[in-house]
Amino acid sequence: MALLKRRTEGAEVDFDHLPRHVAIIMDGNGRWAKRRGLPRTAGHAAGAENFRTIATYCKDIGLEYLTVYAFSTENWKRPAEEVSAIMGLLRKYLLEAIGRMERDRVKMRFLGDLSPLDPELQALCRQTEEISTHYEGCQVNICLNYGGRDELLRAARAFARDCVAGEKAPEDLTETDFGGYLFSAGVPDPDLVIRPSGELRISNFLLWQSAYAEFYFTDVLWPDFSKEELHKALAAYQGRSRRFGGV
Ligand code: IPE
Ligand code: IPE
Ligand code: MG
C-alpha cells in the first residue's frame, strides 16, 4: 500500500486508515443516459461497467467490505423493459465474474429477497456466493431486490417465529441478536455511505445498519463516479470526527 500512500488523484487519501466498510447507492444511470440522448438502458450498462471498475479498485486498495445498492424493492415500479434490461446486465456481469473469480478472489454476497428473480439469475447468484465463500479478498455485497423496511420486517417475523417455537424470548433480544436476522448478518455496519446523483435521501437503503454511518453526497452521476470521486469521498470521511454519541 506504501506506493499508493502519497498522491492520489482527486484528493489525498490515507490508505492505512480506510473505512472498513463502504456502501454505495449506485444512482443516476438514467440521467446520465438522458444527458447523452441515449435510452435509460444505456445508462444502466454504463453503471454496470463502472461498478466493475470501482469494485476492482476497492479490492486493490484493500477495502474489506463494499456494499452496493443495485435494485430496490421499489424499483419493480419501473417499466418492464427497463427492469428486464437491468436483470439482463446483472446476468451478464455474473457470468463474466464467474469466469474471473479465481483471479479476482472477491467474495460475493447478495442481500435481498432473490425469490422473485428469474430462476437462472437466482442460480447464478448462489453459484457466485458458493464459489467465493472461502476467498479472503474484499467482500462485495450486492443489494438486489433489497429494501431496508422489507429486511426489518423479515427479521421481525423470523424472530417472532423463533419465539413461538420457544427458541427465543422477546425480553432477551439484543441489537446484536437482531442484526443476525438481517440479510447483512455477519457484515459489520457501513462506516461510509456514498450517494451520487445529487439526491439527498437514503431510499430505503441499510436503514438499521447505517445508524452511525457517515454520509457523502455528490452531484456526480454513478456512471461518472470515478476513482477520483471515490478518493474525494474517502478523504471527506477521513476528515470527519465520529463520536457515536460520545464526546
Ligand atoms: C440507478 O439509476 C439504478 C437503479 C435504480 C436500478 P437510476 O435508474 O435511478 O437513474 P436516475 O436516478 O433515473 O438518473
Ligand atoms: C435507489 O435509487 C436504488 C438504487 C440505486 C438501486 P432510486 O433511483 O430507485 O431512488 P429514488 O427513487 O430516487 O429515491
Ligand atoms: Mg434514481
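In each ligand, atom 1 is the first atom listed, and ligand 1 is the first ligand listed.
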Problem set entry | Name, closest N/O/S atom of D27 to the Mg ion (ligand 3) | OD1

For this session: Run the ring-centre check on F71 versus H44 and record whether the distance is less than 6.0 Å.
Result: no

Problem set entry | D27-ligand 1 polar pair, N/O distance under 3.5 Å | yes

Exercise. I25 heavy atoms, cut-off 4.0 Å: which ligand 2 atoms fall inside?
Worked result: 1 (C), 5 (C)

Problem set entry | Nearest protein heavy atom with distance in Å, relative to atom 6 (C) of ligand 1 | A70 O, 3.3 Å

Exercise. Which residue supplies the protein heavy atom nearest to atom 10 (O) of ligand 1, what is that atom called, and how far is it?
Worked result: G30 N, 2.9 Å

Seminar exercise, completed: Under 4.0 Å between heavy atoms, the region of L221 that gets near ligand 1 turns out to be neither

Seminar exercise, completed: Interatomic distance, CG@L173 vs CG@D162, rounded to 0.5 Å, equals 10.5 Å

For this session: Please say whether F71 places an N or O atom under 3.5 Å from an N or O atom belonging to ligand 1.
Result: no

Exercise. With only distance considered, is S203 within less than 3.5 Å of ligand 2 through an N or O on each side?
Worked result: yes

Exercise. Is the closest basic N to carboxylate O distance between R154 and D113 below 4.0 Å?
Worked result: yes

Exercise. Do E214 and R240 sit within salt-bridge range, that is, some charged N less than 4.0 Å from a carboxylate O?
Worked result: yes

For this session: Tell me, please, whether W32 has R36 positioned over its six-membered ring: NZ or CZ under 6.0 Å from the ring centre and within 45 degrees of its axis?
Result: yes

For this session: Answer yes if the ring centres of Y146 and F110 are under 6.0 angstrom apart, and no otherwise.
Result: no

Exercise. Between K168 and D177, does at least one N-O distance fall below 4.0 Å, as a salt bridge requires?
Worked result: no

Seminar exercise, completed: A student comparing R40, R78, R35 should find that the heavy atom closest to atom 5 (C) of ligand 1 comes from R78

Seminar exercise, completed: Looking only at protein heavy atoms, what sits closest to atom 2 (O) of ligand 2 is R195 NH2, 3.5 Å

Exercise. With a 4.0 Å cut-off on heavy atoms, is K34 touching ligand 1?
Worked result: no

For this session: Between M26, R201, E199, R31, flag the one that comes closest to atom 13 (O) of ligand 2 by a heavy atom.
Result: R201

Exercise. Are any of the N/O atoms in W32 less than 3.5 Å from those in ligand 1?
Worked result: no

For this session: Just do the salt bridge (Lys or Arg N to Asp or Glu O under 4.0 Å) check on E199 and R31 with the steps written out, would you?
Result: CA-CA 12 Å; E199 308 300 351; R31 279 163 282 176; 2.9 Å; yes

Exercise. Any heavy atom of G28 sitting closer than 4.0 Å to ligand 1?
Worked result: yes

Exercise. Would you say the ring centroid of W222 lies under 6.0 angstrom from that of F51?
Worked result: no

For this session: Would you check whether K77 reaches within less than 4.0 Å of ligand 2, judged by its heavy atoms?
Result: no

